[in-house]
Peer 1: 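Please read through the structure below; I'll follow up with questions.
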Amino acid sequence: MRRLGISIYPEHASLEENKKYIEQAAKYGFKRIFTCLLSVDKPKEEIKEEFKELIDFAHQNGMEVIMDVAPYVFERLGISYN
């Protein structure tokens with residue numbers, strides 16, 4: 001069985017716009033979201049808060065999130081791989 005997915009780039013839309021997009025995608029059977037932390041340029045607390053809310057919202061809509069990251073992103077955000 002194939003699972004359909006969407007891409008979300010938070011630096012190109014507001015959190016509310018992305019939530020509406022997630023709701024609509026879930027309604028039409030999409031199950032995966034790809035997003036990227038590589039090019040997000042906001043204060044680290046704002047990034048962590050926004051991505052946590054976005055991921056939690058995706059999970060509430062039955063979707064899994066796949067995120068593109070690199071080691072420098074973890075360092076910049078002060079978080080670990082674990």
Side-chain angles (χ1 to χ4, degrees):
M1 179 180 147
R2 291 187 148 169
R3 290 185 282 174
L4 298 173
I6 61 171
S7 294
I8 289 181
Y9 298 92
E11 67 274 15
H12 295 293
S14 72
L15 181 61
E16 290 308 313
E17 289 171 316
N18 284 326
K19 284 181 170 183
K20 287 179 186 176
Y21 184 43
I22 289 169
E23 281 183 322
Q24 187 173 26
K27 177 182 169 184
Y28 289 106
F30 289 80
K31 296 291 182 193
R32 289 184 173 169
I33 296 173
F34 170 81
T35 191
C36 181
L37 268 174
L38 299 175
S39 59
V40 178
D41 188 30
K42 295 180 181 178
K44 71 179 181 179
E45 289 306 317
E46 190 175 331
I47 293 170
K48 288 193 278 187
E49 190 175 303
E50 185 175 317
F51 271 85
K52 181 178 180 350
E53 187 171 340
L54 192 68
I55 291 167
D56 288 345
F57 189 76
H59 291 164
Q60 291 167 12
N61 281 275
M63 301 176 85
E64 69 177 323
V65 179
I66 298 132
M67 187 176 301
D68 193 9
V69 296
Y72 76 87
V73 173
F74 289 96
E75 292 172 17
R76 185 178 63 167
L77 295 177
I79 57 178
S80 74
Y81 294 107
N82 299 322

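Numbers for residues simply follow the sequence, beginning at 1. Source: prediction; values computed, not measured.
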Peer 1: Indicate, with yes or no, if Leu77 and Tyr9 share a hydrophobic cluster defined by side-chain heavy-atom contacts under 4.5 Å among Ile, Leu, Val, Met, Phe, Trp and Tyr.
Peer 2: no

Peer 1: Are Leu15 and Ile47 linked, directly or through intermediate hydrophobic residues, by side-chain heavy-atom contacts shorter than 4.5 Å (ILVMFWY only)?
Peer 2: yes

Peer 1: List for me each residue that meets side-chain hydrogen bond (donor to acceptor under 3.5 Å, both in side chains) alongside Ser80, sequence neighbours excluded, and say none if there are none.
Peer 2: none

Peer 1: Can Gln24 and Tyr28 be said to form a side-chain contact (heavy atoms from CB on, under 4.5 Å), step by step?
Peer 2: CA-CA 7 Å; Gln24 187 173 26; Tyr28 289 106; 3.7 Å; yes

Peer 1: Quick check: are there more than 12 heavy atoms from other residues, nucleotides or ligands sitting under 6.0 Å from CD of Glu23?
Peer 2: yes

Peer 1: Counting N and O atoms only, with roles assigned by atom type, does the side chain of Glu17 sit under 3.5 Å from a partner on the main chain of Ser14, one being a donor and the other an acceptor?
Peer 2: yes

Peer 1: If you round to the nearest 0.5 Å, how far is CG of Leu37 from NZ of Lys48?
Peer 2: 11.5 Å

Peer 1: Let's go through Ile22 and Leu54 carefully: what are the C-alpha distance in whole Å and the side-chain angles of both, what is the deciding distance for side-chain contact (heavy atoms from CB on, under 4.5 Å) to 0.1 Å, and is it a yes or a no?
Peer 2: CA-CA 9 Å; Ile22 289 169; Leu54 192 68; 3.6 Å; yes

Peer 1: How about NZ on Lys42, more than 12 heavy atoms from neighbouring residues, nucleotides or ligands closer than 6.0 Å, or not?
Peer 2: yes

Peer 1: Quick one: OH on Tyr21 to CD1 on Ile8, what's the gap to the nearest 0.5 Å?
Peer 2: 7.0 Å

Peer 1: Could you pull out the closest heavy-atom pair between Asn18 and Pro10, with the gap in Å?
Peer 2: ND2-CA, 3.7 Å

Peer 1: Taking distance alone, no hydrogens or angles, what donor-acceptor pairs closer than 3.5 Å link side-chain atoms of residues 63-74 to residues at least two apart or in another chain?
Peer 2:
residue	atom	partner	partner atom	Å
Glu64	OE2	Arg3	NH1	2.9
Glu64	OE2	Arg32	NE	2.8
Tyr72	OH	Leu38	O	3.1

